[in-house]
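Contents: one structure, followed by commentary.
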There are 2 protein chains.
Amino acid sequence: MFLLRRGTAMSYVLLRDGSRQILRFHFPGDILGWSALAFRHSLETVVAMSDAEVAPFDRTALVALMTQNPRLGAALSALALLERQVMSDRLATLGRTDARGRVAALLVEMRDRMSACGMANGDEFQLGLTQEEMGDAVGLTAVHVNRMLRLLEEEGLITRAGSRVTVLNHGALAQMANYVDRSDGVDLEWLTPAR
Amino acid sequence: MFLLRRGTAMSYVLLRDGSRQILRFHFPGDILGWSALAFRHSLETVVAMSDAEVAPFDRTALVALMTQNPRLGAALSALALLERQVMSDRLATLGRTDARGRVAALLVEMRDRMSACGMANGDEFQLGLTQEEMGDAVGLTAVHVNRMLRLLEEEGLITRAGSRVTVLNHGALAQMANYVDRSDGVDLEWLTPAR
DNA sequence: CGTTGTATTGACACTGGTCAAGCATGGTGG
DNA sequence: CCACCATGCTTGACCAGTGTCAATACAACG
């Protein structure tokens with residue numbers, strides 16, 4: 001298991017038929033390799049998407065730490081639950097949204113996360129993904145991702161300059177993506193000591 | 001939060017456009033309402049699919065318990081991680097599998113889970129779902145679910161009798177669904193005391 | 001300069017959605 | 001006991017959305 005300290009990464013699975021599903025993009029502060037806690041073999045592949053710096057740690061050490069400091073353990077559980085929620089939202093996106101909405105969802109999510117990491121310049125940010133990677137993340141082909149990007153641009157919702165993207169109409173994108181910002185619903189109050 | 005003691009349930013989200021994405025089917029022993037631990041408001045709806053019996057418990061009590069018994073806390077974290085893994089697999093299914101494979105995945109998953117609960121009779125089991133529910137779970141319309149069921153039956157992979165389904169060729173179904181049984185990879189050895 | 005990977009675009013095929021109709025099934029009230 | 005109704009299942013015809021294939025244009029890089 002690793003803590004991502006600097007740079008970006010992504011995790012994916014390869015299916016038997018050779019196709020790839022990107023599960024998650026990682027930004028500084030994320031924990032990589034959760035599944036090592038519950039499974040013998042790693043079930044997903046993590047690759048860096050840029051120069052990156054990670055802090056490895058051993059799961060047995062983590063367990064010792066959680067035992068000594070239960071509150072820390074609870075906090076980590078909460079992190080796992082937030083991950084679970086992100087997955088739920090992505091499930092809904094893949095299952096019940098059309099191609100345009102999925103690309104919009106990806107853009108909005110990436111902007112929000114990069115913004116939270118100080119990696120965005122307002123609504124402009126560098127989406128360090130090939131269109132094939134975008135497709136593998138949202139269940140589309142690279143060709144169709146390209147068409148949807150063009151469409152979003154023609155609709156005046158985004159602009160592109162090289163690999164930099166600017167979100168012009170966050171609301172419209174979020175709407176077509178059925179995007180819900182979860183951050184304001186987070187409630188970790190129970191983590192504080194019951195004094 | 002609840003522990004499902006008897007019966008079956010499912011959890012879903014409703015999107016802004018009115019469509020429904022079923023996230024998970026629950027069987028006896030499952031914990032319902034995880035998201036209450038990390039969020040102020042519940043983000044998903046849980047409904048019983050049959051007569052059911054649940055044991056409610058309060059999250060503050062849970063936290064106290066986890067603090068007193070860190071090992072229990074770790075075990076719950078592990079449960080959350082298993083949930084996360086199930087979601088990952090479903091994500092790959094929705095993103096990278098065709099309609100036939102998705103229906104196959106649903107059937108195989110349901111059979112395995114019901115089998116684990118003693119709710120299946122060998123390869124025959126009662127799939128207590130309408131075709132619309134099946135569709136909402138795997139991102140298809142009810143009509144197309146029906147077509148895929150017919151196709152699977154014509155291919156000799158399943159038979160249907162009323163609402164009972166028999167899996168005739170588990171291997172072929174699992175293959176087209178890119179299904180991976182995770183249970184033999186689970187490793188919770190780290191939960192045992194480091195003596 | 002070639003080479004390689006990525007982006008862009010068009011033509012076409014096919015999967016899955018939509019709409020509509022008919023059919024079973026089981027429950028309900030008379 | 002039976003007519004009636006609601007719900008879900010089944011099927012066909014047609015269409016929209018997405019994938020596939022192929023050709024071209026770029027850009028980075030040795």
Side-chain angles (χ1 to χ4, degrees), chain A residues 10 15 17-22 47 49-51 92-107 126-155 158-166 176-178, chain B residues 10 15 17-22 47 49-51 92-107 126-155 158-166 176-178:
Chain A
M10 65 179 182
L15 304 188
D17 62 10
S19 58
R20 172 177 71 167
Q21 175 67 47
I22 295 179
V47 298
M49 294 167 54
S50 67
D51 270 2
T93 298
L94 288 197
R96 285 290 174 231
T97 313
D98 63 8
R100 191 178 60 140
R102 293 190 217 176
V103 172
L106 180 65
L107 292 177
Q126 178 125 18
L127 182 68
L129 299 173
T130 68
Q131 292 176 359
E132 186 171 5
E133 286 164 344
M134 297 175 68
D136 283 344
V138 298
L140 297 171
T141 57
V143 172
H144 208 62
V145 167
N146 184 291
R147 290 196 275 247
M148 293 302 105
L149 287 173
R150 175 158 52 116
L151 179 60
L152 290 174
E153 196 165 20
E154 283 168 2
E155 292 177 316
I158 63 171
T159 58
R160 289 181 295 159
S163 65
R164 299 192 71 83
V165 178
T166 306
M176 72 180 57
N178 282 300
Chain B
M10 64 179 182
L15 304 188
D17 61 10
S19 58
R20 171 177 71 166
Q21 175 66 48
I22 295 179
V47 299
M49 294 167 55
S50 68
D51 270 1
T93 299
L94 288 197
R96 285 290 174 230
T97 313
D98 63 9
R100 191 177 60 141
R102 293 191 217 175
V103 173
L106 180 66
L107 292 176
Q126 178 125 19
L127 182 67
L129 299 174
T130 68
Q131 292 176 358
E132 186 172 5
E133 287 165 344
M134 298 175 69
D136 283 344
V138 298
L140 296 169
T141 57
V143 173
H144 208 63
V145 167
N146 183 289
R147 291 197 273 246
M148 293 302 106
L149 287 174
R150 176 158 51 117
L151 179 60
L152 291 174
E153 196 165 21
E154 283 168 3
E155 291 178 316
I158 64 171
T159 57
R160 289 181 295 159
S163 65
R164 299 193 71 85
V165 178
T166 306
M176 71 180 58
N178 281 300

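Letters A, B, ... are given to chains in the order of the sequence lines, protein chains preceding strands, and every chain is numbered from 1. Please read these numbers as outputs of a predicted model, since none were measured by experiment. Any value given below was found using the heavy atoms of this structure, including those in side chains, with hydrogens, waters and symmetry copies removed.
- In this entry the distance linking CZ of A:R150 with P of C:dT6 reads 20 Å, nearest Å.
- One can place NE2 of A:H144 at 11 Å from C1' of D:dA16, the figure rounded to the nearest angstrom.
- Side-chain contact check for A:V138 versus A:M148: every heavy-atom pair is 4.5 Å or farther apart.
- With C:dG16, C:dT6, C:dT9 as the choices, the nucleotide that has an atom nearest any side-chain atom of A:T130 turns out to be C:dT6.
- When each of D:dG19, D:dT20, C:dA20 is scored by its nearest atom to the side-chain atoms of A:L140, the top-ranked nucleotide is D:dG19.
- One atom, CZ of A:R160, and another, P of C:dT6, lie 16 Å apart when rounded to the nearest Å.
- Between A:R20 and A:E133 the shortest heavy-atom distance is NH2-CG, 3.5 Å.
- Taking atom CD of A:E132 as the reference point, atom C1' of C:dA7 lies 12 Å away to the nearest angstrom.
- Between A:L149 atom CG and C:dT6 atom C1' there is a gap of 13 Å when expressed in whole angstrom units.
- Across the protein-nucleic acid pair, B:R102 atom CZ and C:dG16 atom P stand 7 Å apart, rounded to whole Å.
- Nearer the 5' end of DNA chain D, as judged by each residue's closest nucleotide, is the contact made by B:L129, out of B:L129 and B:R147.
- Atom CE of B:M134 is separated from atom P of C:dG17 by 14 Å (rounded to the nearest Å).
- When the shell of 6.0 Å around CD of A:Q126 is examined, it contains more than 12 heavy atoms from other residues, nucleotides or ligands.
- At whole-Å resolution of the value, CG in B:L151 and C1' in D:dT11 are 15 Å apart.
- A side-chain contact (heavy atoms from CB on, under 4.5 Å) with A:I158 holds for exactly one of A:V103, A:T166, A:L107; it is A:L107.
- Comparing A:N146 and B:T141, the nucleotide of DNA chain C nearest to each residue sits closer to the 5' end for A:N146.
- Backbone-only engagement by A:G139 is indicated by non-hydrogen atom pairs under 4.0 Å involving sugar-phosphate atoms exclusively.
- Under 3.5 Å, the side chain of A:R100 and the base of D:dG17 form no donor-acceptor pair of N or O atoms.
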